[in-house]
Chemist: 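I'd like to ask you about the structure that follows.
Atom set for the values below is all heavy atoms of this structure, side chains included, hydrogens, waters and symmetry mates excluded.
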Amino acid sequence: SWLYTAIACAPAGAQGIRDALDILIKKGRLDSSEDLKVVVLTGDGVAYDIGLASTSGAIHRNLDFYYICYDNEAYGNTGFQWSGATPFASKTGTTPAGKTNPTGTMLSKKNLFEIWRSHKPPYLATISPAHPVDLINKFKKAEQYKGPKLFINLSPCPPGWATDPSHSVMFAKLAVDTGIWALKEAVYGEVRHTVVPGKFKPVEEYLKEQGRFSHLFKPVRQEEVLGRIQSMVDQYWNEVQDKGLIKE
């Protein structure tokens, strides 16, 4: 069954469904074998921005639900506009690259994983369509926990990213192989990275074939911006190594 809610309040709707199920089971009007999993499916604009307050409230109440974010790094329904998930140097409908601002988006992407982790929920994870086994294992693991469970899925968007639809899985894989998208999980705040390439590819391999980053390569190659992006990725993984957050 589906319940369509206003864009900012899906977790509130999920709370109502969860409460209704619990009451029906408690009163004997619904057998416990007929209980349902409550799932919120949302885009990054809601997850990172518009719905963050209601989501924080649901996590604080320890709502037993799955929260799945389809993260294509912009507001896809309204012309691919900037969202809190838009990465640095990407161009969008509201952060175009031009003479006055050749870089495009000047802000870095919000860290939704860490925002959720600060609430200490039972389980949260990042996933990728290019790593289905990792994805399945994480959903299977999450089943054992009662409470809020988050899954952030990096989802290539051909129109917004200006890429060929047939290359979507390739870009999802390159995001992991270059270190741009870290596959990880946290159980009650304890983080472990679940898929780590033996050798990272240069971030440029991920950026250069996407139209949303084309301004970094032509008409003039923006070496400083490209170097900054690579440095941000390198710094992240150096910290991961130093903290010993690689899964055994």
Chemist: When you check the gap from the basic side-chain N to the acidic O, do Glu143 and Lys140 get nearer than 4.0 Å?
Modeler: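 Lys140 and Glu143: salt-bridged.
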Chemist: Under a 4.0 Å N-O cut-off, is there an ion pair linking Glu204 with Arg221?
Modeler: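 Counted as a salt bridge, because a side-chain N and a carboxylate O are separated by less than 4.0 Å.
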Chemist: Centroid-to-centroid, Tyr75 to Trp82, below 6.0 Å?
Modeler: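 Between Trp82 and Tyr75, which both carry aromatic rings, the centre distance is not below 6.0 Å.
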Chemist: Could you note down all residue pairs passing side-chain hydrogen bond (donor to acceptor under 3.5 Å, both in side chains) where residues 224-233 supplies at least one of them, sequence neighbours left out?
Modeler: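 As it turns out, the side-chain hydrogen bond (donor to acceptor under 3.5 Å, both in side chains) pairs with a partner in residues 224-233, which skip direct neighbours, are Gln230-Asp234.
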Chemist: Pair up each side-chain donor or acceptor in residues 97-108 with any protein partner under 3.5 Å, not counting sequence neighbours, and list the distances.
Modeler:
unit_1, atom_1, unit_2, atom_2, d
Asn101, ND2, Gly104, O, 2.7
Thr105, OG1, Ser90, O, 2.7
Thr105, OG1, Thr95, OG1, 2.8

Chemist: Please tell me whether Tyr48 and Asp71 have a donor and an acceptor in their side chains that are separated by less than 3.5 angstrom.
Modeler: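 The criterion, which ignores hydrogens and geometry beyond distance, is satisfied for Asp71 and Tyr48.
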Chemist: Which atom pairs, donor and acceptor, lie under 3.5 Å between side-chain atoms of residues 151-162 and protein residues at least two apart or in another chain?
Modeler:
unit_1, atom_1, unit_2, atom_2, d
Asn153, ND2, Ser155, OG, 3.1
Ser155, OG, Asn153, O, 3.0
Trp161, NE1, Asn72, O, 3.0

Chemist: Using a strict threshold of under 4.0 Å (side-chain N to carboxylate O), is an ion pair present between Arg18 and Asp22?
Modeler: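 So Asp22 pairs with Arg18 through a salt bridge.
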Chemist: Distance only, no hydrogens: is a donor on one side chain within 3.5 Å (strictly under) of an acceptor on the other, for Thr194 and Lys138?
Modeler: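 There is such a pair between these side chains.
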Chemist: Would Lys37 and Asp64 pass as an ion pair if we require N to O under 4.0 Å?
Modeler: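 No salt bridge links Lys37 with Asp64.
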Chemist: For Asn238, look at atom CG and say whether over 12 heavy atoms of other residues, nucleotides or ligands are found less than 6.0 Å away.
Modeler: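 Yes, enclosed.
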Chemist: Assign the ring pair Phe213 / His215 to parallel, tilted or perpendicular, where the plane angle (0 to 90°) is split at 30° and 60°.
Modeler: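 Correct class here is parallel.
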